[in-house]
Amino acid sequence: MPELPEVELTRRSLERAVVGKSIERVEIRAPKLRLPIPAELATLLAGRTIRSVARRGKYLLFDCETGWLIIHLGMTGFLRHIPDPALPGKHDHLDVRLTDGSALRLHDSRKFGTVIWTTDDPLTHPLLAGIGPEPLTPAFGGDYLFRVSRSRRVAVKLLIMNAALLAGVGNIYANEALFRAAIRPDRLACSLTQEECDRLALTIQEVLRESIEQGSTYRVAEETTAYHPLEFAVYGRGKGLCTRCNGALEEIRLGNRSTVFCSRCQK
DNA sequence: AGAATTACCTGAGCGC
DNA sequence: TGCGCTCAGGTAATTC
C-alpha cells in the first residue's frame, strides 16, 4: 500500500528513468479505475517530452509540456519503468510507451488508482487543492498539529490520516508514528497537549524519513519498487508482543482500519 | 463544520 | 475442490 515514502521512492526512481524522454504512444487497457482514464490521453501525450516528476501527497505529477499527467497509486498500484516492455500482464492497465523502446507501466490489481490529465497548475486541481501540508516540510510541525486538533473530537490516528489536514500519511505510518510517540491511537485529537503534538509531529517525520532512506537501498538491490521496506513495530503485528515492554499488543478498529498499539507504552 | 458511513475493486486466507 | 465469507485500505461522496 503506497503511502508517502513509497510514492516518493517511485518518484525518485522514475525521475532518473524517464525525465527528458519522449512519449511515443499510450496504451490504455483498463479504461475504468476509480475514475475513468481519459481516453484522449493517447492523443494528448503522443510526441510530448516528460520534463519532470513531482509529488504532492500521494500523487505523482508528470510535467508533459502541454499539461500534467497526475497519477495516484491507490491501494495496490505500482508505476514502473520497464526497459524492455514485453506483453503486458494481468492488471497492467496503462502503458506510456517511450521513444527509446521503454515504457512507463501502471499495474493496479484493485483499481483504486487514479489517472488525471490537466492543463492547469496541477496543485489547483480539485483533487489536489484541498490536501494538507507536506509532513516533511516546515509547513508541518507540532504547532500545526496542536492548532488543527483543538476543535476535533476524533481519534488522533484518524486526524493524522486525514489528507485534508496532512498529506501522505496512511494506516501503516500512522500506527508506527503513534507507537513511537507513545500516544494511544484512540485518544481524542483535542485531548493532546502541545508537548504531545510536538512529539507526534517529530515521530511522523522520523518514520517517513527512515522508510524513504531504507527503502532506497532496498529498492536498488531488488530493482523494483518495493512497498514497506521498514520493519514495523506495531503494524501487522496484532497478535505479537510490544518491542519495548514485551507486553501483548492490542488490535482495535478505528474508522474501519486495523489499529495496533501497546496500552502499556502508549497513553 | 465536523464526524461517521459507504462505495469502489480484487486477491488472499479461512472454515466447512 | 470450491463456495462464501472476511479482510486489506486510499479517498471521494454521501449522510447525519
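Letters A, B, ... are given to chains in the order of the sequence lines, protein chains preceding strands, and every chain is numbered from 1.
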N-O pairing of [X] and [Y] below 4.0 Å:
| X | Y | value |
| --- | --- | --- |
| A:R25 | A:D95 | no |
| A:K21 | A:D100 | yes |
| A:E213 | A:R209 | no |
| A:E134 | A:R55 | yes |
| A:R180 | A:E176 | no |

Check your understanding: Does A:K90 have a side-chain nitrogen or oxygen under 4.0 Å from the phosphate oxygens OP1 or OP2 of B:dG11?
Key -> yes
Review point. Quick one: is B:dC8 close enough that its OP1 or OP2 comes under 4.0 Å of any side-chain N or O from A:K111?
Key: no
Exercise for review: Check DNA chain C against residues 153-162 of chain A and give the residues with a non-hydrogen atom under 4.0 Å, in numerical order.
Suggested key: A:M161
Using the side-chain heavy atoms of [X], tell me which of these nucleotides is nearest: [options].
| X | options | answer |
| --- | --- | --- |
| A:E251 | B:dG11, B:dC8, C:dA8 | C:dA8 |
| A:Y235 | C:dA12, B:dG11, C:dA8 | C:dA8 |
| A:S258 | B:dG11, C:dA8, B:dG2 | C:dA8 |
| A:L127 | C:dG10, B:dC9, C:dA12 | C:dA12 |
| A:H91 | C:dA12, B:dG11, C:dG10 | B:dG11 |

[atom1] of [X] versus [atom2] of [N]: gap in Å, rounded?
| X | N | atom1 | atom2 | result |
| --- | --- | --- | --- | --- |
| A:H107 | B:dT10 | NE2 | C1' | 11 Å |
| A:N256 | B:dA7 | CG | C1' | 12 Å |
| A:I37 | B:dC8 | CD1 | P | 18 Å |
| A:K58 | C:dG10 | NZ | P | 5 Å |
| A:L35 | B:dA7 | CG | P | 18 Å |
| A:L254 | B:dT5 | CG | C1' | 15 Å |
| A:L73 | B:dC9 | CG | P | 18 Å |
| A:D108 | B:dC9 | CG | P | 12 Å |

Revision key, fill the gap. By nearest-heavy-atom nucleotide on DNA chain C, the more 5' of A:A163 and A:R253 is A:R253
Any side-chain heavy atom of [X] sitting closer than 4.5 Å to one from [Y]?
| X | Y | result |
| --- | --- | --- |
| A:I172 | A:E3 | yes |
| A:I23 | A:R97 | no |
| A:D63 | A:I50 | no |
| A:F140 | A:L145 | yes |

Point to revise | Base B:dT10 paired with A:R34 side chain (donor-acceptor, <3.5 Å) | key: no
Practice item. For C:dT14 and B:dC9, measure between their P atoms and round to the nearest Å. Key: 16 Å
Check your understanding: Mind checking the P distance from B:dA1 to C:dT11? Whole angstroms is fine.
Key ->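 Their P atoms lie roughly 22 Å apart.
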Exercise for review: Find which nucleotide of DNA chain B each of A:S151 and A:R257 is nearest to by heavy atoms, and output the residue with the more 5' nucleotide.
Suggested key: A:S151
Check your understanding: Do other residues, nucleotides or ligands put more than 12 heavy atoms under 6.0 Å from A:R153 CZ?
Key -> no
Review point. Is the aromatic ring centre of A:F112 closer than 5.5 Å to the centre of the six-membered base ring of C:dT11, with the two planes inclined by less than 30°?
Key: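 No.
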Check your understanding: What is the distance from atom CD of A:Q194 to atom OG of A:S149, rounded to the nearest 0.5 Å?
Key ->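 Nearest 0.5 Å value for the CD-OG distance: 9.0 Å.
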Exercise for review: Toss me the dot-bracket line for DNA chain B: Watson-Crick and G-U wobble, both under 3.5 Å, 5' to 3', using | for pairs to another strand and [ ] for crossers.
Suggested key: .|||||||.|||||||
